[in-house]
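Written out below as structure tokens is the structure these notes cover.
Note that these values count all heavy atoms, side chains included, but never hydrogens, waters or copies made by symmetry. Read the numbers this way: they start at 1 and go in the same order the structure lists the ligands and their atoms. Note that the numbering runs from 1 along the sequence shown for the chain.
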Amino acid sequence: MLKSDASDRLTPSDHYTQLRALLREAATLGSVAGLLNWDQETYMPPSAAEHRAAQMAMVAGLVHERRTSPRIGELIAACESSGVAKSDPDGAEAANLRCIRRDYDRATRLPTKLVTELAHTASLSQEAWKNAREKSDFSIFLPWLDKMVGLTRRKAECFGVPAGGELYDALLEEYEPGATAKEIDAIFKPLALRLSTLVQELTAKGKRPDDRFLNVSFAPAGQHEMGQFVLKHMGFDFNAGRLDTTTHPFCSGMAPGDTRLTTRYRGERFADALYGTMHEGGHGLYEQGLPKTGSSSRWGEPLADSTSLGIHESQSRMWENFVGRSREFWEWLLPHARKFSSGALDGFSPEQAYLAANIVTPSHIRVEADEATYNMHVMLRFELERAIFGGGLKVADLPGEWNSRFKRLLGVDVPDHHRGCLQDVHWSFGLIGYFPTYTLGNLYAAQFWETIRSDIPDLDPKMARGEFADLKSWLNDRIHRHGRRFQAGELCQRVTGRPLSSDPLMRHLEGKFKAVYGI
Ligand code: ZN
């Protein structure tokens, strides 16, 4: 129950309690949009698209009005001046209040009209993207992408260009607070060189493992059962989540006790779906590990939110690659996988599975790329987005630019737009500045993994028995439970004792792939 609005009679702790209650209400309204969006991505019939766009726009406008209400501004100011968090400036409440202030200041720069227009257009644009991707026809998506880029540019302009930075930084700030395009570029350029040297060495001198294991076909129903089996062992709570199918896999931690994972199945290449499911499962464990439920729930507050998309992605990539592509994982899973595949995987050894899961082949689809070439897919998108926002690249010229840069980076021709610039859903939503967080996630994952290995010395034999409880507890304790208390760089320093570096990732990739390729 909220106290009266007579602020002068409220104590500092009353102000804070009231602020938290208002934020919780806004988040609860926001979770309605999360559910509408999940439904649009999974089960909504196409003819509902127009009305869904209207619903999304209406809810987005209501949420924005709540988040930017003058009352919230007053309460923040009252908490700041009354010293709610002053006794412990490095504590959790101080961090919570700092993030609330930052979010409020950013949100109040956006007019409600722009917020609703973005939500409405994104919802329709997403349907156009699905249609364009299916037909591999960029012209269907072009007018929508053009609109989304225009609206996203207006949004970035509302935030403003940070001192010494570029317009693109204003978008990055939304997904990776504190990161700049210049800093990311300084990490990506030398990383690209080291990765392409590694890939060339593997191709020229190495022995490519046998890929027959990956090409086994088995029914989507069996794949779905196997995905659920693996998720349960990872510690994903199905009482507080689901796994469904979609066009472009994602995870939505939409509400307390409700984390939705999605994946996609084909008869062939079963491992793509398995790794996609494990990836989203890693995101799901982070969402379930945030303090959103129970009597000490911080739902609606920054302390119950993920700190950055880079850290979020570190969780998904860790389960997908450091766990899922390990020898120990296949020692555990293969006997079960044989059962789920109705015998289609009989005759393969765990070693064959492990080697096949680590084949390096430049290919077209980012989400199905191997660990070594994956980051090049991300760098391509980062360069193109930066070119659109600051380098004069026109949206209409995107496919041509994509194809020629792809050839330069990965050495392969792009046969059609379905496997080219139409493969990802992100731009249809206006998620620009989002892609670089994928590579940051790989870097964070590798650095965390080195610390995990020294903290849990018997991790390998445990993984070989399908026992992931210690790993999950470590992640819950060191990463998840803090929410946004620490920014990504600070969290990395606290957890690993060092600032983010690309060395752990390169140590992991070079060590593993040279052994797999017999170099
Ligand atoms: Zn992800």
Side-chain angles (χ1 to χ4, degrees), residues 34 37-38 41-42 126 171-172 174-177 179 184 188 227 230-231 234-236 241-254 259-265 271-290 305-325 363 365-382 385 423-449 471-472 475 479-480 488 491-492 500 505:
N37 187 257
W38 170 85
E41 292 277 304
T42 48
Q126 196 185 328
L171 298 173
L172 271 177
E174 194 149 338
Y175 311 114
E176 200 64 25
I184 289 175
F188 281 14
V230 171
L231 287 172
M234 285 166 60
F236 183 77
R242 292 180 53 91
L243 174 67
D244 294 88
T245 55
T246 185
T247 313
H248 196 110
F250 64 94
C251 160
S252 171
M254 62 176 74
T259 297
R260 311 284 175 108
L261 310 179
T262 61
T263 193
R264 63 182 175 205
Y265 304 108
D272 290 344
L274 172 66
Y275 286 127
T277 301
M278 289 183 75
H279 178 103
E280 302 309 334
H283 284 305
L285 289 180
Y286 189 6
E287 289 294 327
Q288 291 187 337
L290 291 165
D305 220 346
S306 58
T307 192
S308 80
L309 289 188
I311 297 297
H312 225 309
E313 195 67 7
S314 76
Q315 303 303 291
S316 55
R317 298 290 285 175
M318 188 182 290
W319 286 98
E320 177 189 357
N321 294 326
F322 291 79
V323 175
R325 293 182 204 274
S363 61
I365 306 292
R366 175 185 58 85
V367 295
E368 292 162 7
D370 60 75
E371 273 181 274
T373 58
Y374 181 90
N375 296 296
M376 300 187 192
H377 291 259
V378 173
M379 290 167 191
L380 166 77
R381 289 151 176 82
F382 170 62
E385 288 182 343
Q423 65 181 272
D424 293 305
V425 70
H426 305 59
W427 290 338
S428 75
F429 283 115
L431 298 180
I432 297 168
Y434 188 114
F435 281 118
T437 67
Y438 287 135
T439 288
L440 293 176
N442 287 331
L443 298 173
Y444 283 124
Q447 197 156 321
F448 291 151
W449 193 250
L471 174 58
K472 178 180 170 275
L475 295 169
I479 314 268
H480 304 165
L491 183 70
C492 177
L500 181 66
L505 180 66

(message) Classify the ring geometry of Phe435 against His426: parallel below 30°, tilted from 30° to 60°, perpendicular beyond 60°.
(response) tilted
(message) Suppose we only allow N, O or S atoms; which atom of His279 ends up nearest to the Zn ion (ligand 1)?
(response) NE2
(request) Verify the distance test for His312 against the Zn ion (ligand 1): any N/O/S atom under 2.8 Å, yes or no. (result) no
(message) Please report, to 10°, the angle around the Zn ion (ligand 1) from atom NE2 (His283) across to atom OE1 (Glu313).
(response) 90°
(message) As a test of understanding, state which of Glu287, Lys472, Gln315, Gln288 forms a side-chain hydrogen bond (donor to acceptor under 3.5 Å, both in side chains) with His480.
(response) Gln315
(request) Indicate yes or no for a side-chain donor-acceptor contact from Thr263 to the backbone of Gly276 under 3.5 Å, with no hydrogens or angles considered. (result) no
(message) Quick check: closest heavy atoms across Ile365 and Arg264, and the distance to 0.1 Å?
(response) CG2-NH2, 4.3 Å
